[in-house]
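Letters go in sequence order (proteins before strands), and every chain restarts at 1.
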Protein chains: 2
Amino acid sequence: MAPEKSRRERPAKPALTRDGIVAAAVAILREEGLRKVTMRRLAQELDTGAASLYVYVRNTAELHAAILDELLGTIPSPPDDGDWRDRLERLLTGYTATLLEYPGLALSALVARPSGENYLALCENLLALLAEGDVAPERRAWGIDILLQHATATAAEHADEESPEEWDALARAVRDADETTHPQIAAHAADLLTGAPEQRMSWGLRVLITGITHTGLPAERNQA
Amino acid sequence: MAPEKSRRERPAKPALTRDGIVAAAVAILREEGLRKVTMRRLAQELDTGAASLYVYVRNTAELHAAILDELLGTIPSPPDDGDWRDRLERLLTGYTATLLEYPGLALSALVARPSGENYLALCENLLALLAEGDVAPERRAWGIDILLQHATATAAEHADEESPEEWDALARAVRDADETTHPQIAAHAADLLTGAPEQRMSWGLRVLITGITHTGLPAERNQA
DNA sequence: ACCTGAACACCGTTCAAGT
DNA sequence: ACCTGAACACCGTTCAAGT
């Protein structure tokens with residue numbers, strides 16, 4: 001915004017702005033991952049002290065939220081053709097794919113609901129798709145809530161960062177399940193451990209869409 | 001006044017065991033919250049150094065997982081009467097309620113899937129309920145996965161720890177939504193911001209159950 | 001008003017050295 | 001084998017003092 005020109009040869013230290021801070025944070029995110037996006041590291045990148053950032057950002061959670069909204073601006077908006085269900089599924093798959101690049105952010109989003117411009121635009125699109133599908137108006141708001149929660153949680157599950165240890169432990173526990181004490185687990189062991197992520201994701205979204213269109217709210221029940 | 005230097009009269013420092021460590025961790029959790037359950041704090045409680053804990057616990061994530069499994073042992077098993085859907089809903093509501101006491105643990109569970117005894121028992125019960133409901137066998141495993149993810153994520157959302165800041169921000173953003181640029185949000189503002197947690201939770205579970213019973217897997221599709 | 005260095009109060013994890 | 005102190009490499013946030 002402020003066109004400050006330096007008379008020096010060395011790259012001038014740009015004035016701090018909230019946008020500049022967020023931009024630098026996104027850059028660190030892309031190059032080094034969310035774990036490195038700390039107040040101190042960010043300040044270092046901006047050639048200042050961590051304390052200075054607090055003029056523009058309340059805390060780390062707010063910083064993460066700002067980064068996330070920036071990322072949400074990059075979700076490809078799916079083509080307009082096809083069934084509303086397919087478009088809904090594609091939009092949410094795109095959302096999930098974006099979050100999957102930085103699962104740690106998905107975790108943040110789960111805890112601190114975003115409220116940025118791009119998040120609102122996403123909600124707007126989701127609500128419009130449910131409206132197009134003739135989902136009862138009262139169900140739309142709660143519907144996008146579940147859909148977004150599912151998509152966000154699915155991405156957040158991958159925040160374990162290159163450590164398949166826990167997955168190994170679960171796989172072992174399932175495979176070693178005693179057939180007499182855990183007959184169901186033994187019987188379903190294969191299904192519990194397999195399934196391509198995209199297929200599971202797709203099925204999950206269709207489960208939700210089907211459920212939303214077929215399940216009345218408590219209020220609707222009372223009226224019935 | 002000063003106690004004898006004998007080690008016998010003072011409460012003897014108990015030998016370290018994995019169980020003892022987990023028990024102490026649970027005690028700190030109950031008294032001071034998950035944030036205080038750190039390796040250092042835990043070691044202090046056990047009158048040793050943090051390094052000693054690493055003989056019994058691989059890292060903090062594994063410690064959290066062990067604590068969670070301990071907690072899962074306290075979920076009340078719902079009464080045997082009623083429709084399988086109601087029993088399923090009650091069981092998952094109990095699971096969520098337990099996690100809601102320590103939402104930070106729910107967050108851990110989302111990232112590092114638990115694999116303890118009590119978790120397996122819960123899965124076993126969930127699978128049995130879906131079987132009782134004549135849910136197609138191939139769908140049961142993926143079904144409990146979605147159900148648990150939903151319940152876990154719902155609890156995890158409350159891990160913001162007494163800071164309704166982000167919620168305020170979202171509420172403001174929704175209420176201030178421009179009617180021309182965000183017509184859907186403006187129209188659904190009330191529903192987006194309201195709803196008792198229990199009602200939302202209950203509706204969410206029924207959405208999932210309905211969806212699971214009505215949505216074929218990709219494989220089932222191919223066969224059809 | 002904005003910016004800063006320094007300080008406060010912590011972290012997880014590793015490792016060489018002890019027992 | 002188990003246990004330990006000390007060290008390494010960090011954190012978020014606040015605050016008094018400067019500009």
dT14(D) and dC3(C): how far apart are their C1' atoms, nearest whole angstrom?
14 Å
Are any side-chain N or O atoms of R206(A) and backbone N or O atoms of G211(B), one a donor and one an acceptor, separated by less than 3.5 Å?
no
From the candidates dT13(C), dC2(D), dC15(C), the one with an atom nearest any side-chain atom of N59(B) is dT13(C)
Going through the checks in order, is the side-chain contact (heavy atoms from CB on, under 4.5 Å) test met by D145(A) and R113(A)?
CA-CA 11 Å; D145(A) 206 76; R113(A) 278 296 191 65; 3.1 Å; yes
Got L68(B) and Y119(B) here, is their nearest side-chain heavy-atom distance under 4.5 Å?
no
Is a side-chain N or O of T98(A) found less than 3.5 angstrom from the main chain of G94(A), in a donor-acceptor match?
yes
Categorize T38(B) for me: base, sugar-phosphate, or nothing, with a 4.0 angstrom heavy-atom threshold over every strand shown.
sugar-phosphate
Atom pair distance, as rounded to whole Å: CE in M39(B) and C1' in dA6(D):
18 Å
Using atom C1' in both nucleotides, what's the gap between dC2(C) and dC15(D) to the nearest angstrom?
15 Å
Given that G49(A) and R40(A) both sit by DNA chain C, which one's nearest nucleotide is further toward the 5' end?
G49(A)
Round to the nearest Å and state the distance from R35(A) atom CZ to dA9(D) atom C1'.
13 Å
Short side-chain N/O contact to dT13(D) OP1/OP2 from T60(A), under 4.0 Å:
yes
Let's see if you can work this out: which of dA6(D), dG5(C), dG12(C) has an atom nearest to the side-chain heavy atoms of A51(A)?
dG5(C)
Check the phosphate of dC2(D) against Y54(B), side-chain N and O only, distance under 4.0 Å to OP1 or OP2. Yes or no?
no
How far does the C1' atom of dA1(D) sit from the matching atom of dA16(C), given to the nearest Å?
16 Å
